[in-house]
Trainee: 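Shown below is the structure under consideration.
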Amino acid sequence: MPEGPEVETVRRSLLPRLLGATLVRPRVSAKKLRTPITKKDLRDVDGAVVTELFRKGKLLGIRTERGGGVFVRLGMTGRLVVEPKTQPPALHTHVRFDVCGPGAASGTELRFVDPRRFGEVVPFKDEVECALELGRMGPDGLALDDDDRAVVRVRLQATARAIKDVLLDQAVVAGVGNIYAAEACFVARLSPHRAGSSLDDDEARALVSAVESVLQQGVRHRGTSFSDYVDGDGQRGDNARHLHVFQREGEPCRACGDVVRRVVQGQRSTFYCGRCQR
DNA sequence: CCACTCCTGCGT
DNA sequence: ACGCAGGAGTGG
């Protein structure tokens with residue numbers, strides 16, 4: 001469900017509710033997440049004050065005063081929300097904490113909900129463990145500097161794989177998923193099937209730039225909710241109606257009026273305009 | 001590298 | 001009943 005912009009929207013919405021608050025009494029469901037977790041795994045977070053909420057790519061991190069914390073990966077259907085304790089937890093709620101605020105945040109719970117259980121909550125014990133995990137990813141697509149842009153460009157051109165597949169590789173650029181990969185190819189006017197190695201420098205530059213702009217647009221509209229994505233307050237995002245091609249099979253291209261096509265590429269749907277994108 | 005796998009839910 | 005879904009690791 002969530003890609004970089006959605007996770008960033010969740011992060012921002014949770015900031016005022018979690019920063020400076022204390023997480024206590026972790027509870028976990030019996031169902032196995034991608035990485036199984038127990039209460040015991042969360043004891044280092046129990047009773048600790050939240051000092052930071054960070055994100056890299058699609059990975060969300062909660063750091064506490066003790067230096068450790070937890071990573072939250074939302075997978076396809078994960079939600080991380082703060083809700084009043086009076087509200088019964090949704091079906092498929094797998095991890096919960098009481099949130100004890102210095103402010104008015106008491107009486108609420110932090111809840112990780114994930115029907116398909118492709119997501120996970122994984123503790124890290126210190127900065128070293130945290131950095132190790134973040135280091136497995138390429139640069140964050142929402143925070144590229146000039147060096148990062150050059151690195152991503154080179155990595156795109158260094159492979160014969162289709163550019164749309166390369167954009168989904170979190171080790172190349174972090175935070176791009178199936179929606180924004182298709183959108184970036186459209187904005188760059190490149191066919192998703194193009195081999196990375198076939199891009200000239202201008203095309204590669206345009207693609208990296210398109211990645212940045214579609215991700216930023218996603219954040220501006222608080223994420224894409226074409227079905228069930230919500231932020232930490234349960235609010236839907238607005239980006240779906242700004243998409244150029246994703247989920248628009250059979251509809252007219254907003255640029256040229258030709259029909260938007262859907263093809264399956266690497267087991268995932270890809271949407272594109274055969275006329276605008278070469 | 002690709003296809004397959006982990007799951008549940010929804011629309012056709 | 002079947003196909004499809006915003007992710008990502010694995011094993012051939």
Side-chain angles (χ1 to χ4, degrees), chain A residues 1-11 29-37 55-60 71-80 90-95 112-122 133-134 136-138 140-142 155-156 158-186 192-193 195-197 211 214-215 217-219 221-231 235-250 262-271:
Chain A
M1 150 226 295
E3 307 182 26
E6 288 73 37
V7 178
E8 175 61 17
T9 303
V10 169
R11 189 188 74 84
S29 75
K31 299 277 194 144
K32 277 202 179 87
L33 297 173
R34 165 179 282 279
T35 304
I37 190 165
R55 179 196 60 81
K56 183 173 182 186
K58 306 170 192 173
L59 187 64
L60 192 65
F71 289 118
V72 178
R73 218 185 283 279
L74 298 176
M76 290 278 255
T77 52
R79 299 187 334 246
L80 190 67
L91 192 63
H92 307 299
T93 298
H94 298 109
V95 182
F112 175 72
V113 186
D114 186 5
R116 287 175 78 179
R117 285 181 275 136
F118 290 174
E120 57 187 1
V121 174
V122 182
E133 186 62 32
L134 300 186
R136 301 176 52 184
M137 269 178 270
D140 185 293
L142 280 162
R155 291 209 53 180
L156 275 163
T159 176
R161 295 164 66 198
I163 55 174
K164 194 262 185 171
D165 289 343
V166 184
L167 291 181
L168 291 178
D169 185 343
Q170 303 301 296
V172 174
V173 55
V176 180
N178 210 31
I179 298 176
Y180 297 98
E183 293 294 305
C185 290
F186 177 86
H193 303 294
S197 51
V211 164
V214 298
L215 292 178
Q217 181 194 278
V219 172
H221 296 298
R222 301 181 49 83
T224 303
S225 297
F226 72 78
S227 68
D228 58 16
Y229 157 77
V230 292
D231 71 11
Q235 298 298 302
R236 293 169 60 83
D238 211 25
N239 197 234
R241 66 158 153 275
H242 300 276
L243 297 177
H244 301 98
V245 287
F246 190 80
Q247 282 273 316
R248 297 195 62 242
E249 180 182 19
R262 180 178 83 93
V263 291
V264 174
Q265 192 180 10
Q267 333 301 119
R268 322 278 309 266
S269 284
T270 297
F271 301 84

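All chains are named by letter (A, B, ...) in the order of the sequence lines, taking the proteins before the strands, and each is independently numbered beginning at 1. Side-chain atoms are counted along with the backbone in the values below, which use heavy atoms only and exclude waters and symmetry mates.
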Trainee: Counting N and O atoms only, with roles assigned by atom type, does the side chain of S225(A) sit under 3.5 Å from a partner on the main chain of G237(A), one being a donor and the other an acceptor?
Mentor: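 Yes, the answer is positive, given that a donor and an acceptor are paired below the 3.5 Å cut-off.
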
Trainee: Can you figure out which of dG6(C), dC7(B), dT8(B) approaches the side chain of P115(A) most closely?
Mentor: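 Per side-chain heavy atoms of P115(A), the pick is dT8(B).
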
Trainee: Taking atom P of dA5(C) as reference, at what distance in whole Å does atom CZ of R248(A) sit?
Mentor: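 Result: 17 Å.
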
Trainee: Is it true that E6(A) and R55(A) make a salt bridge, defined as a side-chain N closer than 4.0 Å to a carboxylate O?
Mentor: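 Between R55(A) and E6(A) there is no salt bridge, as every charged N stays at least 4.0 Å from the carboxylate O atoms.
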
Trainee: Can a side-chain donor-acceptor contact be found between T9(A) and D231(A) if the only test is distance below 3.5 angstrom?
Mentor: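 No, because no side-chain N or O of D231(A) sits under 3.5 Å from a partner of the opposite role on T9(A).
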
Trainee: In whole angstrom, what separates R73(A)'s CZ from dG9(C)'s P?
Mentor: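 Value for this atom pair: 6 Å.
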
Trainee: Is there a donor-acceptor pair under 3.5 Å between the side chain of E8(A) and the backbone N or O of V219(A)?
Mentor: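 Not a single qualifying donor-acceptor pair exists.
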
Trainee: In whole angstrom, give me the gap between the P atoms of dG9(C) and dG9(B).
Mentor: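 About 24 Å, rounded to a whole number of Å.
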
Trainee: M76(A) has an atom CE; how far is it from atom P of dT5(B), in whole Å?
Mentor: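 Rounding to the nearest Å, CE of M76(A) and P of dT5(B) are 16 Å apart.
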
Trainee: Checking all strands, does T35(A) fall into the base, sugar-phosphate, or nothing category for heavy-atom contacts under 4.0 angstrom?
Mentor: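 Result for T35(A) = nothing.
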
Trainee: Base, sugar-phosphate, or nothing for L33(A), non-hydrogen atoms under 4.0 angstrom?
Mentor: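 Here L33(A) touches no strand at all.
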
Trainee: Does any nucleotide pair with dC7(B) by Watson-Crick or G-U wobble geometry, both distances under 3.5 Å, and what is it?
Mentor: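 Checking every strand shown, dC7(B) finds no partner, since no pair has both distances under 3.5 Å.
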
Trainee: Quick check for you: among dC4(B), dG6(C), dC4(C), whose closest atom lies nearest to any side-chain atom of Q267(A)?
Mentor: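 Closest nucleotide to the Q267(A) side chain: dC4(B).
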
Trainee: Can you check whether any acceptor in the base of dA5(C) is under 3.5 Å from a donor in the side chain of R116(A), or vice versa?
Mentor: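 Answer yes: a donor N or O sits under 3.5 Å from an acceptor.
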
Trainee: Quick check for you: among dG7(C), dA8(C), dC1(B), whose closest atom lies nearest to any side-chain atom of Q170(A)?
Mentor: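 Side chain of Q170(A) sits closest to dA8(C).
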
Trainee: What integer distance in Å separates L215(A):CG from dG6(C):P?
Mentor: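 That distance rounds to 16 Å.
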
Trainee: Using the P atom in both, what is the distance from dC4(B) to dG3(C), to the nearest Å?
Mentor: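 Straight-line distance between the two P atoms is 14 Å.
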
Trainee: Specify the separation, in whole Å, of atom CG of L80(A) and atom C1' of dG7(C).
Mentor: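 The distance from CG of L80(A) to C1' of dG7(C) comes to 17 Å, rounded to the nearest Å.
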
Trainee: Take F71(A) and E133(A) through the side chain to side chain contact (heavy atoms under 4.5 Å, CB included) test and state the conclusion after the steps.
Mentor: CA-CA 9 Å; F71(A) 289 118; E133(A) 186 62 32; 3.7 Å; yes

Trainee: Does S269(A) put a side-chain nitrogen or oxygen below 4.0 Å from OP1 or OP2 of dA5(C)?
Mentor: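 Yes.
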
Trainee: Checking contacts here: which listed nucleotide (dC1(B), dG6(C), dC6(B)) is nearest the side-chain heavy atoms of F118(A)?
Mentor: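 It is dC6(B).
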
Trainee: Tell me whether K58(A) contacts the main-chain N or O of G175(A) through its side chain, where contact means a donor paired with an acceptor under 3.5 Å.
Mentor: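 No; zero donor-acceptor contacts below 3.5 Å.
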
Trainee: Considering every strand shown, what is the Watson-Crick or G-U wobble mate of dG6(C) when both distances are under 3.5 Å?
Mentor: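 Base partner found: none.
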
Trainee: In this structure, how many angstroms lie between the P atom of dC10(B) and the CZ atom of F226(A), rounded?
Mentor: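 Taking atom P of dC10(B) as the reference, CZ of F226(A) is at 13 Å.
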
Trainee: Please pick, from dC6(B), dT8(B), dA5(C), the nucleotide with the shortest atom-to-atom distance to any side-chain atom of K31(A).
Mentor: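 Between dC6(B), dT8(B), dA5(C), the one nearest the side chain of K31(A) would be dT8(B).
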
Trainee: Say we look at dC4(C) and dA3(B): how far apart would their P atoms be, to the nearest angstrom?
Mentor: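 Taking atom P in both dC4(C) and dA3(B), they lie 15 Å apart.
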
Trainee: Can you figure out which of dA5(C), dG9(C), dT8(B) approaches the side chain of R136(A) most closely?
Mentor: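 My answer, after comparing the listed nucleotides, is dG9(C).
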
Trainee: Can you tell me how far P of dC10(B) sits from CD of Q247(A), to the nearest Å?
Mentor: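 Interatomic distance, CD of Q247(A) to P of dC10(B): 16 Å.
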
Trainee: Taking only the side-chain nitrogens and oxygens of R268(A), find out if one of them lies under 4.0 Å from OP1 or OP2 of dG6(C).
Mentor: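 Answer is yes, contact under 4.0 Å.
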
Trainee: Across the strands shown, which category fits R34(A) at heavy-atom distances under 4.0 angstrom: base, sugar-phosphate, nothing?
Mentor: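 Base: the residue R34(A), judged by heavy atoms under 4.0 Å, touches a nucleobase.
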
Trainee: Return the nearest nucleotide to the side chain of R117(A); candidates are dA5(C), dT8(B), dG9(B).
Mentor: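 Closest nucleotide to the R117(A) side chain: dT8(B).
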
Trainee: Return the nearest nucleotide to the side chain of S227(A); candidates are dG6(C), dA8(C), dA5(C).
Mentor: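 Given the options dG6(C), dA8(C), dA5(C), the side chain of S227(A) is closest to dG6(C).
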
Trainee: If only side-chain N and O atoms count, and only distance matters, is there a donor-acceptor pair under 3.5 Å linking T224(A) with Y180(A)?
Mentor: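 Yes, T224(A) and Y180(A) have a side-chain donor paired with an acceptor closer than 3.5 Å.
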
Trainee: Taking the side chain of H92(A) as heavy atoms from C-beta outward, which of dT8(B), dG7(C), dC4(C) is closest to it?
Mentor: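 For the H92(A) side chain, the nearest candidate turns out to be dT8(B).
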
Trainee: Students often get this wrong, so: under 4.0 angstrom with heavy atoms, is Y180(A) touching a base, only sugar-phosphate, or nothing?
Mentor: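 The residue Y180(A) makes no contact with any strand.
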
Trainee: Under 4.0 Å between a side-chain N/O of K32(A) and OP1 or OP2 of dC6(B), yes or no?
Mentor: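 No, K32(A) has no side-chain N/O under 4.0 Å of OP1/OP2 on dC6(B).
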
Trainee: Figure out the CZ/C1' separation between R79(A) and dG7(C), and round it to whole Å.
Mentor: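 Between C1' of dG7(C) and CZ of R79(A): 17 Å.
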
